[in-house]
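Written below as C-alpha cells is the structure these notes are about.
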Amino acid sequence: CLSIFQVTSFQGVALRSLCTSSPHDHPEHGRLVYKGNLAKAVLGVRFFSYSTSIFNLFMVPYIMLKTGIGFESLLIQAAFYGLIGFFTFVTPVTLHILTKGYVIRLYYKEDVDTYTAITYNAILAEKATVFHQKDVKIPDITKMFTTFYAKTKSMLVNPVLFPNPQDYNHLMGYDKSLYFNFEEEEEEKEMD
C-alpha cells in the first residue's frame, strides 16, 4: 500500500481508507505526471464558440424571414451569407486547430516507458493518445502551440506545471546521457 489516510465526513465520523495506489494513478494509463491548468478554459471557449455557431445556423434564416431583410443583388446576398458563414464555421475550426494539441492530463507508465496524453477532440470529448518516450520529437524551431511532437501529433504542455521536474526531463529526453565518441570524430576529421 502506498498510503493510508483518514477522512472526516460531513457528519463528523472519521473514516479510514486503505488504498493500493496513489490518488493520481489511473489503472489503464499509469501515474499522473501533468495536469494542464487551462483545460476548463479551453473547453469553455470551444463550447461557447460551437454554441454560438449553432445559434447562428438556426437564427439567421429565421431572422431573415421574419424581418423581410433581403438584398436584390445576388452579389450582396453572397457577400452577406459568406460573412455569416465565415464566422459560423471558421471560428470553431480555428479554435479546434489551435487547441487540439493542448494536453489536459499526461500519464506515465514506467514499466513500459509510455505516456498517455489526454486532449479534447472535435466534439469536445476526451481523447487519449499513447506514445513511447522514444516517439517524442522536439521541434527545431520553437512553435507557438507546440512543445513537442508525439509521433506526428503536436502537443502543448507547460513545463512549469509538472510537479516533478524529472518527469518533464524524461518526457523531453533531457535525462539521457550525451555520449560523444571522440575517436570517431577524430577519424572523420582525418578522412576529410
Side-chain angles (χ1 to χ4, degrees), residues 24 26 28-30 32-108 114-163 165 167-169 171-174:
H24 299 293
H26 189 279
E28 183 181 344
H29 303 308
L32 179 68
V33 295
Y34 172 83
K35 188 171 183 181
N37 62 349
L38 296 176
K40 288 183 181 178
V42 167
L43 182 64
V45 167
R46 287 179 62 183
F47 180 77
F48 179 74
S49 176
Y50 287 175
S51 62
T52 57
S53 292
I54 291 170
F55 180 77
N56 280 348
L57 284 175
F58 289 110
M59 291 307 292
V60 168
Y62 177 77
I63 292 170
M64 295 295 286
L65 289 174
K66 287 294 183 182
T67 60
I69 297 175
F71 304 106
E72 294 196 20
S73 169
L74 187 61
L75 182 62
I76 294 175
Q77 282 182 357
F80 177 75
Y81 289 120
L83 184 66
I84 297 294
F86 176 81
F87 288 111
T88 302
F89 295 110
V90 173
T91 304
V93 170
T94 303
L95 282 172
H96 171 69
I97 290 170
L98 294 177
T99 62
K100 70 180 177 180
Y102 183 75
V103 177
I104 303 164
R105 292 183 309 278
L106 185 67
Y107 296 95
Y108 176 61
T114 59
Y115 289 91
T116 303
I118 307 297
T119 57
Y120 289 123
N121 64 11
I123 58 170
L124 304 180
E126 290 186 358
K127 176 184 173 187
T129 303
V130 179
F131 57 95
H132 290 275
Q133 193 283 323
K134 64 183 178 188
D135 297 328
V136 173
K137 303 286 185 251
I138 301 169
D140 295 332
I141 300 171
T142 305
K143 297 195 175 184
M144 186 177 283
F145 296 103
T146 303
T147 307
F148 64 92
Y149 290 101
K151 298 181 181 174
T152 59
K153 184 174 180 172
S154 66
M155 299 282 179
L156 177 64
V157 294
N158 185 349
V160 177
L161 297 178
F162 280 82
D167 289 327
Y168 176 73
N169 290 338
L171 169 70
M172 302 300 280
Y174 297 150

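Values below: all heavy atoms of this structure, side chains included; hydrogens, waters and symmetry mates excluded.
A search for side-chain contact (heavy atoms from CB on, under 4.5 Å) contacts involving Thr129 returns Lys127, Phe131, Lys153, Met155, not counting sequence neighbours. Taking Tyr149 as the reference, Lys143 meet the side chain to side chain donor-acceptor pair (under 3.5 Å) condition, with sequence neighbours excluded. Applying the ring-ring contact (aromatic ring centres under 6.0 Å, His included) test to Tyr168 and every residue at least two apart in sequence or in another chain returns Phe162. Applying the ring-ring contact (aromatic ring centres under 6.0 Å, His included) criterion to Tyr108, with sequence neighbours excluded, gives Tyr115, His170. Every residue was checked against the side chain to side chain donor-acceptor pair (under 3.5 Å) condition with Lys35, not counting sequence neighbours, and none meets it. In this structure Ile123 satisfies the side-chain contact (heavy atoms from CB on, under 4.5 Å) test together with Asn121, Ala125, sequence neighbours excluded. For Thr114, the side-chain contact (heavy atoms from CB on, under 4.5 Å) test picks out Lys109, Val112, Val130, His132, with sequence neighbours left out. Qualifying side-chain contact (heavy atoms from CB on, under 4.5 Å) partners for Ala128, counting only residues two or more places apart in sequence or in other chains: His29, Thr116, Ile118.
Identified under the salt bridge (Lys or Arg N to Asp or Glu O under 4.0 Å) test for residues 78-107, with sequence neighbours left out: Arg105-Glu126. Legend: salt bridge (Lys or Arg N to Asp or Glu O under 4.0 Å) pairs involving residues 78-91, not counting sequence neighbours: none detected. For the salt bridge (Lys or Arg N to Asp or Glu O under 4.0 Å) condition, no pair includes a residue of residues 46-55, sequence neighbours left out.
Between Tyr34 atom OH and Asp167 atom CG the span is 13.0 Å, to the nearest 0.5 Å. Going from atom CG of Leu43 over to atom CD1 of Ile104 covers 7.5 Å, rounded to the nearest 0.5 Å. Between the CG atom of Leu156 and the OG1 atom of Thr119 there is a distance of 11.5 Å, given to the nearest 0.5 Å. For the atom pair Asn158 CG and Asn37 CG, the distance stands at 6.5 Å (nearest 0.5 Å). Atom NZ of residue Lys134 and atom NZ of residue Lys151 lie 9.5 Å apart, to the nearest 0.5 angstrom.
Judged purely by atom type and a 3.5 angstrom limit, Thr52 uses its side chain to pair as donor or acceptor with the backbone of Phe48. Using a distance-only test at 3.5 Å, with no hydrogens or angles considered, a donor-acceptor pair links the side chain of Thr147 to the main chain of Val157.
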Acceptor/donor pairs from residues 85-95 side chains to any protein atom, 3.5 angstrom cut, sequence neighbours excluded:
residue : atom : partner : partner atom : Å
Thr88   : OG1  : Ile84   : O            : 2.7
Thr91   : OG1  : Phe87   : O            : 3.4
Thr94   : OG1  : Val90   : O            : 2.7

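Of all the heavy atoms in Val33 and Pro163, the pair that sits closest is O-CD, 3.3 Å.
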